[in-house]
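Heads up: the structure comes next, in structure tokens.
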Amino acid sequence: MLRQPLKALWASASKVWTVLLVAGLVAAWLALVLSDPIPLQNLRLAQFDQMQRWYPRAYSAVPVRIVDIDEASLTAYGQWPWPRTRIAELVERLHAAGATVIALDILLSEPDRTSPHAMAQLWQSPQADAWLQQLPDPDDTLASSLRSKPVVLGSNLLQGDAAASTSLTAATPPQAPYRIVVSGASNPEQWLADYQAATPPLPALLQTASGVGALNSSADHDSVVRRVPLMLRVGDQVVPTLSAEAVRLTQATPNYGLRGSAAGVQDIRIGKLVVPTNAQGELWLHYTASQADRYVSAAQVLRATVAANSMQGRVVLVGSSAAGLSDLRASPTGQLVPGVLTHAMAVEQMLSGHYLTRPAWASGLEAVVLCLGVALLSGLALRLPVRWAAAALLATLALLGGGVWWAFTQEHWLLDAATPAVAMLVSFAIASSLHQILVERQQRWLRTAFSRYVSPNRVAHLIAHPEKLHLGGQRQVCSFVFTDLAGFTPMLEASDPASVVAALNDYLEAMLVIVFKHEGTLDRFVGDAMVVLFSAPETQADHRQRALDCALEMDVFATRYASQLQARGVDWGLTRIGVHCGEVIVGNFGGKTLFDYRALGDPINTAARLESVNKHLGTRMCVSQAVLDGCSGVPTRCVGQIVLKGKTQALRVYAPLATLDSAKCAPAQDYDAAMALLRPNALTGLPDGPIAGTTTLALTQFASLAHRYPQDPLVDLHYRRLQEGATDDVIVMAEK
């Protein structure tokens with residue numbers, strides 16, 4: 001009556017538990033994603049880097065060149081810093097070669113150390129001072145070279161301790177060569193990276209330069225440069241960077257358009273170009289493979305050995321790849337690259353219109369995908385078998401990875417698949433582990449419960465070999481123990497059923513303990529009787545010995561249990577046991593709805609008849625010769641050759657001495673000698689049969705034994721048979 005309500009209650013509780021766990025996992029991951037700790041940032045950036053390694057930007061002939069102050073240039077023209085006159089010469093040559101814009105990734109914030117004024121202070125000589133005053137100042141020479149030429153100078157913005165030791169300095173001259181126009185739903189300036197101080201170029205250089213931009217880059221926690229800022233903020237002043245200024249000069253415009261949204265900077269307009277940025281006004285870099293064509297050595301420019309037209313119409317950025325100048329940056333490709341390359345990449349992308357973007361909706365989409373994926377996969381892991389849940393996980397991860405890869409290669413969107421994937425994997429692992437724990441717990445419960453209906457070795461066999469849980473059988477030699485309780489039905493009718501059933505349950509429980517101890521398999525209960533088989537489902541080479549040992553131990557218990565109950569006034573009978581072995585068909589029999597595991601064949605019926613024949617023989621246990629052939633160390637008494645009812649072939653049967661009352665029975669030697677007279681040819685190897693004179697001698701022997709041991713059941717049996725005319729030990733049973 002309670003089965004269906006309890007089942008419904010368990011199903012309802014299981015659903016609630018599943019929903020709570022899934023909701024908890026989703027909430028935990030959502031909270032973690034919203035806090036965006038550094039490990040998650042690094043994971044996301046590592047994915048972006050890997051996509052760049054697999055799919056770098058294709059290098060195109062964008063008019064951008066890098067004049068590299070490389071090791072060869074330092075070897076040819078001396079250590080850095082070079083005199084400003086040499087930089088002026090470099091600017092003149094580049095301009096003469098047709099460079100459209102010249103951007104110097106060089107900080108020129110201090111006077112030239114080779115200037116006449118510096119030399120006068122060093123020498124402290126009036127004569128030298130008068131001579132030095134007649135020489136031109138190198139900084140003035142460079143300033144003159146910058147005049148009327150499209151040259152961008154660099155400044156350095158400072159934060160923290162470096163800024164604290166420097167008074168706030170303007171990053172641009174009083175008359176800035178540009179103007180920044182702000183528009184949009186919110187003031188975008190607040191989103192720009194904030195610096196407290198600036199180190200600008202020398203005032204003389206600022207006055208003649210066409211542009212000035214900050215040299216600062218945006219390195220992440222792992223010091224990898226993935227973005228280049230286009231706008232920065234020093235105090236309340238917004239300043240462009242070197243890359244932005246170089247592009248502004250190519251567009252021949254004095255204005256920047258800085259447009260904001262509620263989430264930050266939306267884009268930056270430079271002339272006709274609209275550059276999408278992140279919320280902080282930074283441009284995501286899409287690195288190309290290493291390109292030698294992008295670089296020209298400064299030494300070649302100074303020697304005028306560069307190819308004709310190599311600078312014509314180009315944006316030229318002057319910087320250094322020399323290791324000693326410490327201007328190397330870590331890139332997503334895993335290489336160290338010159339800092340000037342990051343500016344060159346930014347200029348290339350702006351001029352070609354190639355942008356990597358992380359859309360404003362990306363974080364929201366990723367959070368939704370994460371929540372849905374965690375909910376779906378953890379729910380499936382809790383409800384489905386592992387193989388199906390794992391297949392769903394792999395399909396989801398493949399779909400996620402494929403979608404993100406398509407977005408990167410086709411739309412140049414940077415979408416995070418790593419964080420949702422990790423969240424799904426971890427949640428799936430947690431849910432799968434809990435599911436496995438519950439399954440194992442349920443299996444243990446089922447094994448325990450099932451073992452109360454089926455033998456534990458059968459349960460273990462089915463768990464180890466579930467493929468054998470099907471209808472059908474196979475031929476196999478097994479041993480059988482058949483037990484029955486004498487006089488149980490009359491006792492049940494004459495006694496209190498409750499007390500009899502309780503005693504029977506205790507009896508059967510103890511008998512089963514003995515069976516399972518010897519690794520027997522319970523075939524079935526038949527009321528107070530039980531059928532036990534050995535060597536199935538698992539083959540047991542010593543199944544005959546196990547069966548006999550089990551039967552003997554069962555006899556010891558049953559005899560003692562009967563004595564205990566009889567001492568309490570309970571009319572409990574003795575247990576009769578039959579033991580036999582032979583080939584049977586073992587397997588699952590029944591229908592598709594319900595089937596049972598058992599053995600079918602004549603040996604089972606024979607074991608049952610051997611149990612039943614005990615009441616006619618006066619014994620408690622009968623064991624066939626087939627069983628004893630596989631046993632050792634068990635003293636027995638031959639009962640004789642018994643033709644069971646319905647059979648035509650005699651079966652030699654024995655009674656173990658341990659099951660007989662030694663005080664009432666004849667000595668084994670005397671009994672065996674008398675039995676030998678009923679089958680004298682057994683000693684010669686000839687077929688058994690009477691010999692003249694032996695029957696009379698056997699009658700005499702059994703008469704003597706019957707006189708001395710009147711309570712010996714087997715002696716009495718054969719004595720009566722001989723008196724009735726029997727001449728051998730063949731006993732034909734007229735009853736079961």
Side-chain angles (χ1 to χ4, degrees), residues 56-108 142 145-146 149-154 209-211 213 215 217 228 242-243 245-247 249-250 285 287-329 331 333 335-352:
R57 175 168 60 91
Y59 178 73
S60 59
V62 178
V64 178
R65 287 290 181 271
I66 296 175
V67 171
D68 188 9
I69 303 174
D70 53 8
E71 297 290 351
S73 301
L74 296 178
T75 300
Y77 292 95
Q79 66 180 6
W80 189 262
W82 283 347
R84 301 290 158 78
T85 53
R86 183 157 295 125
I87 296 176
E89 181 184 0
L90 186 62
V91 169
E92 293 287 353
R93 289 187 179 275
L94 290 174
H95 183 66
T100 302
V101 176
I102 303 169
L104 301 181
D105 186 18
I106 302 169
L107 185 59
L108 303 174
L142 177 58
S145 298
L146 299 180
K149 295 183 180 65
V151 178
V152 180
L153 300 180
S210 299
L215 303 178
S217 61
V228 168
L242 188 75
S243 308
E245 278 288 79
V247 172
L249 293 185
T250 66
L285 294 179
Y287 282 75
T288 66
S290 179
Q291 294 292 330
D293 294 344
R294 187 182 276 130
Y295 293 89
V296 175
S297 175
Q300 291 181 288
V301 175
L302 292 172
R303 293 170 180 165
T305 58
V306 295
N309 300 324
S310 61
M311 299 297 171
Q312 184 68 40
R314 313 277 182 178
V315 176
V316 178
L317 294 99
V318 180
S320 176
S321 66
L325 299 187
S326 302
D327 191 28
L328 298 179
R329 303 285 187 270
S331 72
T333 61
Q335 300 174 327
L336 290 177
V337 299
V340 67
L341 177 63
T342 61
H343 295 292
M345 292 264 190
V347 174
E348 287 179 1
Q349 290 182 214
M350 286 186 280
L351 294 181
S352 64

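- Taking the side chain as every heavy atom from C-beta outward, Val316 and Val296 never approach each other to under 4.5 Å.
- The side-chain hydrogen bond (donor to acceptor under 3.5 Å, both in side chains) with Asp68 is formed by just one residue from the set Ser73, Ser321, Ser297; it is Ser321.
- Contact detail for Ser217 and Arg329: the closest heavy-atom pair is OG-NE, 3.8 Å.
- Each of Val91, Val101, Leu94 was compared with Val151 under the side-chain contact (heavy atoms from CB on, under 4.5 Å) criterion, and only Val91 meets it.
- Note that the CG atom of Leu341 and the OG1 atom of Thr288 stand 7.0 Å from one another [nearest 0.5 Å].
- The salt bridge (Lys or Arg N to Asp or Glu O under 4.0 Å) check on Glu92 picks up Lys149, with sequence neighbours excluded.
- Between the CD1 atom in Ile102 and the NE2 atom in His95 there is a gap of 7.0 Å [rounded to 0.5 Å].
- With Thr250 as the fixed residue, the side-chain contact (heavy atoms from CB on, under 4.5 Å) test singles out one of Val64, Val347, Val315: Val315.
- Side-chain contact between Leu146 and Leu153 is present, with at least one heavy-atom pair separated by less than 4.5 Å.
- Using a 4.5 Å heavy-atom threshold, the side chains of Ile69 and Ile106 count as touching.
- More than 12 heavy atoms of other residues, nucleotides or ligands sit less than 6.0 Å from atom CD of Gln291.
- Within the model, atoms OG1 of Thr100 and CE of Met311 stand 11.5 Å from one another, a figure rounded to the nearest 0.5 Å.
- We find the CZ-CG distance between Arg65 and Leu317 to be 11.5 Å, quoted to the nearest 0.5 Å.
- A pairwise comparison of heavy atoms in Pro63 and Gly313 identifies CB-O, 3.5 Å as the closest pair.
- To the nearest 0.5 angstrom, Tyr287 atom OH is 6.0 Å from Thr342 atom OG1.
- For the pair Tyr77 and Trp82, the tightest heavy-atom approach, listed with the atom from each and the gap, is O-NE1, 3.4 Å.
- No donor-acceptor contact under 3.5 angstrom links the side chains of Ser320 and Asp327, judged on distance only.
- With rounding to the nearest 0.5 angstrom, the CG atom of Leu285 is 5.5 Å from the CD atom of Gln349.
- Residues satisfying the salt bridge (Lys or Arg N to Asp or Glu O under 4.0 Å) test with Glu348, not counting sequence neighbours, are Arg57, Arg294.
- When atom types are taken as modelled, the side chain of Thr305 and the backbone of Gln300 share a donor-acceptor pair closer than 3.5 angstrom.
- Side-chain contact check for Glu89 versus Leu302: some heavy-atom pair is nearer than 4.5 Å.
- Residue Arg314 comes nearest to Val62 through the heavy atom pair NH1-O, 4.0 Å, listed as atom of the first residue, atom of the second, then distance.
- For the pair Asp70 and Ala322, the tightest heavy-atom approach, listed with the atom from each and the gap, is C-CB, 4.4 Å.
- Across all their heavy atoms, Arg84 and Leu108 have their closest contact at NE-CD2, 3.7 Å.
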